[in-house]
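For this chain, numbers begin at 1 and follow the sequence in order.
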Amino acid sequence: MRLTLKERLLASYEEDLQTGCWNWTKYRDRDGYGTIAVNSRPVLAHRASYSVFVSPLLPSLFICHECDNPSCINPKHLYQGTHKDNQKDKKVRMRVVGESHPYSKLTETDILSIRNSELSQEKLGKIYGVTQAHVGRIKRNINWSHI
């Protein structure tokens with residue numbers, strides 16, 4: 001007999017008694033998010049948990065963690081939010097910003113140099129190996145706003 005999605009979720013976590021997080025014990029991606037197969041397709045475990053224990057998912061919305069723990073599937077720690085909500089949450093928690101971001105090409109020193117430079121955005125982009133548009137967002141304090 002096949003287990004239901006709810007049964008598989010309940011069998012695949014360990015509770016952290018200090019935080020209340022239900023930490024996923026099966027496969028996690030490189031960012032620490034658990035995945036589970038649903039209809040032979042991988043689904044993020046926290047999304048599956050939300051859909052089973054709270055309410056159906058709206059495909060355009062994210063499932064965010066109040067606990068800031070990507071492996072947590074505790075429905076009490078999850079909420080639906082927009083992309084903007086998720087980005088705001090990342091910024092507030094100072095998570096994966098600046099040099100710590102795995103795809104960052106720039107350092108904090110580079111950012112300060114870009115902001116103080118009189119060179120054109122196009123020239124700065126070529127010097128630092130980023131687009132002119134990215135340089136513009138840095139100068140307007142949209143990107144790297146924590147500096």
Side-chain angles (χ1 to χ4, degrees), residues 5 8-10 12-147:
L5 179 56
R8 291 185 312 152
L9 287 165
L10 291 172
S12 301
Y13 75 86
E14 289 179 359
E15 184 172 4
D16 181 325
L17 297 177
Q18 287 186 322
T19 64
C21 288
W22 295 1
N23 293 312
W24 188 249
T25 58
K26 304 292 183 188
Y27 175 78
R28 294 183 202 175
D29 67 16
R30 68 184 182 121
D31 297 320
Y33 293 95
T35 61
I36 188 168
V38 177
N39 298 325
S40 302
R41 297 192 116 138
V43 172
L44 292 170
H46 66 286
R47 288 183 64 82
S49 178
Y50 190 91
S51 70
V52 166
F53 297 110
V54 181
S55 72
L57 299 175
L58 297 173
S60 62
L61 294 182
F62 287 67
I63 300 302
C64 306
H65 290 87
E66 289 181 0
C67 57
D68 202 29
N69 175 1
S71 70
C72 180
I73 66 161
N74 184 339
K76 292 179 182 175
H77 294 187
L78 306 174
Y79 66 95
Q80 284 195 59
T82 63
H83 177 69
K84 187 175 182 178
D85 295 332
N86 198 35
Q87 295 306 308
K88 182 179 173 186
D89 185 54
K90 282 183 182 180
K91 188 174 182 178
V92 166
R93 296 172 194 259
M94 293 296 290
R95 191 169 19 94
V96 194
V97 296
E99 293 178 49
S100 66
H101 192 283
Y103 300 117
S104 177
K105 293 182 177 181
L106 303 171
T107 65
E108 291 185 11
T109 303
D110 295 336
I111 299 307
L112 294 173
S113 295
I114 289 169
R115 289 202 178 123
N116 294 320
S117 177
E118 297 295 323
L119 294 174
S120 72
Q121 291 178 9
E122 184 177 2
K123 284 183 183 176
L124 288 168
K126 286 180 182 174
I127 291 168
Y128 290 99
V130 296
T131 66
Q132 174 272 323
H134 189 63
V135 171
R137 288 190 297 272
I138 290 167
K139 284 195 164 269
R140 291 189 312 275
N141 210 33
I142 295 169
N143 291 8
W144 292 79
S145 59
H146 64 285
I147 296 179

Residues Tyr128 and Ile114: closest non-hydrogen pair is CE1-CG1, 3.5 Å
Using 0.5 Å steps for rounding, measure from the OG atom of Ser113 to the CG atom of Leu124. 9.5 Å
Answer yes or no: is there a side-chain heavy-atom contact under 4.5 Å between Gln80 and Ser55? yes
Taking all heavy atoms of Arg47 and all of Val43, pick out the closest pair and write down the distance. CB-CG1, 4.4 Å
State, to 0.1 Å, how close Glu66 and Tyr79 come at their nearest heavy-atom pair, and which atoms those are. CG-CD2, 3.5 Å
With sequence neighbours left out, what residues match Val52 under side chain to side chain contact (heavy atoms under 4.5 Å, CB included)? Leu5, Lys6, Leu9
Identify the two heavy atoms, one from Lys105 and one from Val130, that lie closest to each other, and give their separation to 0.1 Å. CD-CG1, 4.2 Å
Taking all non-hydrogen atoms of both residues into account, name the closest pair between Ile36 and Ala45 and its distance. CG2-CA, 4.2 Å
Validation: residues 18-27 side-chain donor-acceptor distances under 3.5 Å, sequence neighbours left out:
unit_1 : atom_1 : unit_2 : atom_2 : d
Thr19  : OG1    : Cys21  : N      : 3.1
Asn23  : OD1    : Asn69  : ND2    : 2.7
Asn23  : OD1    : Ser71  : OG     : 3.2
Trp24  : NE1    : Tyr27  : O      : 3.2
Thr25  : OG1    : Ser12  : O      : 3.0

With a 3.5 Å distance limit and no angle check, can you tell me whether Arg28 reaches the backbone of Pro70 through a side-chain donor-acceptor pair? no
If we only count heavy atoms from C-beta on, is the Lys76 to Phe53 side-chain gap below 4.5 Å? no
Flag the pair His46 / Phe62 as yes when at least one side-chain heavy-atom distance between them is below 4.5 Å, and no otherwise. no
Just checking Glu122: does its CD atom have more than 12 heavy atoms from other residues, nucleotides or ligands closer to it than 6.0 angstrom? no
Closest non-hydrogen atom pair, Cys72 against His65: O-NE2, 2.9 Å
Where the side chain of Asp110 meets the backbone of Thr107, is there a donor-acceptor pair that is under 3.5 Å apart? yes
Mind checking the OG-CD spacing from Ser120 to Gln132? Nearest 0.5 Å is all I need. 8.0 Å
So, taking the atom named CD1 in Ile138 and the one named CD1 in Ile111, what distance separates them when rounded to the nearest 0.5 Å? 3.5 Å
Could you grab the distance from atom CG of Leu44 to atom CD1 of Ile73, nearest 0.5 Å is fine? 12.0 Å
Using modelled atom types only, decide if a donor and an acceptor are shared between the side chain of Asp31 and the backbone of Tyr33 within a distance under 3.5 Å. no
Are Leu119 and Ile127 close enough, and set up right, to give a side chain to side chain contact (heavy atoms under 4.5 Å, CB included), and what steps lead you there? CA-CA 10 Å; Leu119 294 174; Ile127 291 168; 3.7 Å; yes
For a 4.5 angstrom cut-off between non-hydrogen side-chain atoms, does Tyr50 reach Leu57? yes
Nearest 0.5 Å please: distance from the OG atom of Ser49 over to the NE2 atom of His77. 10.5 Å
Interatomic distance, Arg137 atom CZ to Gln121 atom CD [nearest 0.5 angstrom]: 10.0 Å
